[in-house]
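Quick notes on the structure that follows.
What you are looking at is a predicted structure, and each value in this text was computed from that prediction instead of being measured. Order of the sequence lines fixes the chain letters, A, B, ..., with proteins taken first and strands second; residue numbering starts at 1 for each chain.
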Amino acid sequence: MSSYEKIYAVVRKIPYGKVATYGQVAELSGLAGKARVVGYALFRVDLGITDVPWHRVVNYKGEISYSPLRNGADKTQRVLLEEEGIEFNDKGKINLHKYLWRGI
DNA sequence: AGACTGACGGTCT
DNA sequence: GAGACCGCCAGTC
């Protein structure tokens with residue numbers, strides 16, 4: 001099982017209506033402190049994999065990571081989260097204190 | 001084998 | 001609070 005598969009397995013555990021940070025996912029995947037690896041793994045996810053709720057993973061500030069490389073997938077992420085009842089403030093941030101997954 | 005990449009996190013100014 | 005900077009390392013070519 002590759003590290004990426006571990007990451008996907010963890011992401012699949014994130015419950016509906018909650019979000020997790022890259023750091024959390026990294027830690028639960030045995031990659032503590034290596035959040036970048038998680039980011040790269042998720043970059044590959046939306047290239048084709050659809051059974052992983054990648055949109056529930058945000059950075060430690062509770063903000064979606066916008067990148068031109070995602071070609072619009074970042075906007076999709078916000079929409080998907082809003083559909084799950086997660087609210088964004090006027091700065092485009094999620095209230096982590098309220099929506100952060102405490103599954104550890 | 002070596003170089004490059006990447007959706008981050010934490011610390012410092 | 002916002003920006004700049006550095007360190008992390010697995011996977012791909």
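- At whole-Å resolution of the value, CD in E63(A) and P in dC8(B) are 11 Å apart.
- Applying the side-chain contact (heavy atoms from CB on, under 4.5 Å) rule to K61(A) yields the partners N59(A), E63(A); only residues at least two apart in sequence or on another chain are considered.
- Clustering ILVMFWY residues whenever any of their side-chain heavy atoms sit less than 4.5 angstrom apart, transitively, puts V58(A) in a cluster other than the one holding I14(A).
- Remark: S67(A) pairs with L69(A), R70(A) by the side-chain contact (heavy atoms from CB on, under 4.5 Å) rule, at least two apart or across chains.
- To the nearest 0.5 angstrom, Y99(A) atom OH is 9.0 Å from I94(A) atom CD1.
- The two atoms that bring R78(A) and Y66(A) nearest to each other are CD-OH, 4.3 Å, heavy atoms only.
- With sequence neighbours excluded, the residues satisfying side-chain contact (heavy atoms from CB on, under 4.5 Å) with Y40(A) are Y4(A), F43(A).
- Linking Ile, Leu, Val, Met, Phe, Trp and Tyr whenever their side-chain heavy atoms come within less than 4.5 Å leaves V38(A) and L81(A) in two separate clusters.
- Distance NZ (K61(A)) to P (dT11(B)): 14 Å, rounded to an integer number of Å.
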Nucleotide N/O to protein N/O under 3.5 Å, stretch nucleotides 1-4 of chain B:
none

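- Cluster membership check: V25(A) shares its hydrophobic cluster with L80(A), using side-chain heavy-atom separations under 4.5 Å among Ile, Leu, Val, Met, Phe, Trp and Tyr.
- Protein atom CD1 of I7(A) is 12 Å distant from nucleotide atom C1' of dG6(B), rounded to whole Å.
- Contact of the Q24(A) side chain with the V10(A) side chain is not registered, since no non-hydrogen atoms from C-beta on lie closer than 4.5 Å.
- For N89(A), the CG atom is densely surrounded, since the number of other residues' heavy atoms within 6.0 Å is greater than 12.
- Nucleic acid contact class of L69(A) (heavy atoms, under 4.0 Å, all strands): sugar-phosphate only.
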What dot-bracket string describes DNA chain B from 5' to 3', counting Watson-Crick and G-U wobble pairs whose defining distances are under 3.5 Å, with [ ] for crossing pairs and | for pairs to another strand?
.|||||.||||||
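- The structure places CZ of R44(A) at 5.0 Å from OH of Y8(A), a figure rounded to the nearest 0.5 Å.
- Rounding to whole angstrom units, CG of residue L28(A) and P of dC8(B) are separated by 18 Å.
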Let me have a per-nucleotide readout for nucleotides 8-13 of chain C, 5' to 3', with B, S or -, counting only protein heavy atoms under 4.0 Å.
BBSSS-
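- The CG atom of N59(A) sits 13 Å away from the P atom of dA2(C) (whole-angstrom rounding).
- Taking atom NZ on K91(A) and atom P on dG3(C), their separation rounds to 11 Å, with Å as the unit.
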